[in-house]
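Take a look at the structure set out below.
All values reported here derive from a predicted model rather than from experimental measurement.
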Amino acid sequence: GMSSEVKFPVPWGHVAAKAWGPPQGHPVLCLHGWLDNANTFDRLIPLLPAGGSGWLGRLCAVRQGCVTHVLCLSGHRYVAMDFSGHGLSSHRPAGSLYHFMDYVSEVLRVAAGEQLKGPPKGMFAQGFCFLYPEMVDKLILLESIGFLLAPEDIEEWLNSKRMMIDNLLSLEVKQQPPKARSPEAALQRLLEANTHLTAQSGEVLLQRGATVTPTG
């Protein structure tokens, strides 16, 4: 059938996507290859199952070329997203790097927007599946060598990368306007968060690290 355009808001603009099927259908999240875009799937989607219980349960990741694709082939809702800087998605600010871990967080943002199974907690789908296995049933790779990581590094990598992404998205949700404090209170707060600092060092840092409000 015909596709519709979808946009997911992000701090730097939006992530664009094409969707096939009703919103209530089982989700199929498709991630294109490096320097490609969502149109990568225009000829593939019509060949995929359009309904029924299917043979996959939740999310499934597919990688084509240099970037992975996360799919759930169990139902009706296919969403092919453009990664930032690709297709119709917003570019990241000038001077920013396009790191593969940033792509993981983009997949999480889209998954949350589509209300896919699993909490918002992909890049390359292997990394997404590796970090968030509770959201994935199967991984399908097309033209990919797979995700390479030394066995002795797995646990540390998983813990650090997942914590980094979770903390980033959590901070965005909890973001609040800066609090105004007196110079004394600001110094106390700085010293509490940085116990290695002396009061004199804290005062030096606050001279350039704090802004005077209109009310003083």
hydrophobic_cluster_shared for Leu88 and Trp12, side chain cutoff 4.5 Å: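 Looking at the clustering, Leu88 is in a separate group from Trp12.
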Side-chain ([X]) to main-chain ([Y]) donor-acceptor, under 3.5 angstrom:
X: Asn167; Y: Met163; value: yes
X: Ser3; Y: Trp20; value: no
X: Asp82; Y: Ala38; value: yes
X: His99; Y: Met101; value: yes
X: Asn194; Y: His196; value: no
X: Tyr98; Y: Tyr103; value: no

Starting at [atom1] of [X], measure out to [atom2] of [Y] and round the result to the nearest 0.5 Å.
X: Glu203; Y: Thr198; atom1: CD; atom2: OG1; result: 8.5 Å
X: Leu44; Y: Cys30; atom1: CG; atom2: SG; result: 7.0 Å
X: Arg162; Y: Leu108; atom1: CZ; atom2: CG; result: 8.5 Å
X: Leu206; Y: Leu191; atom1: CG; atom2: CG; result: 8.0 Å
X: Thr40; Y: His86; atom1: OG1; atom2: NE2; result: 9.5 Å
X: Ile165; Y: Ser160; atom1: CD1; atom2: OG; result: 9.5 Å

Can you label the angle between the His32 ring and the Phe83 ring as parallel, tilted or perpendicular, going by 30° and 60°?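 Ring orientation of His32 relative to Phe83: perpendicular.
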Salt bridge present between Lys161 and Glu156 (N-O < 4.0 angstrom):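 Salt bridge flag = no for Glu156 with Lys161.
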Can we say Lys18 and Asp42 salt-bridge, meaning some charged N sits less than 4.0 Å from an Asp/Glu carboxylate O?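 A salt bridge links Lys18 with Asp42.
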Nearest atoms (heavy-atom pairs only) where Ala186 meets Arg181: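 Looking at all heavy atoms of both residues, the closest pair is N-CB, 3.9 Å.
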Would Glu184 and Gln188 count as having a side-chain donor-acceptor pair, cut-off 3.5 Å?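 There is no such pair between these side chains.
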Set out, in order, the CA-CA distance, both residues' side-chain angles and the distance that settles side-chain contact (heavy atoms from CB on, under 4.5 Å) for Ser84 and His91, then state yes or no. CA-CA 5 Å; Ser84 59; His91 288 253; over 6 Å; no
So which of Leu205, Val204, Leu197 actually passes side chain to side chain contact (heavy atoms under 4.5 Å, CB included) with Ser201?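 So the option named by the test is Leu197.
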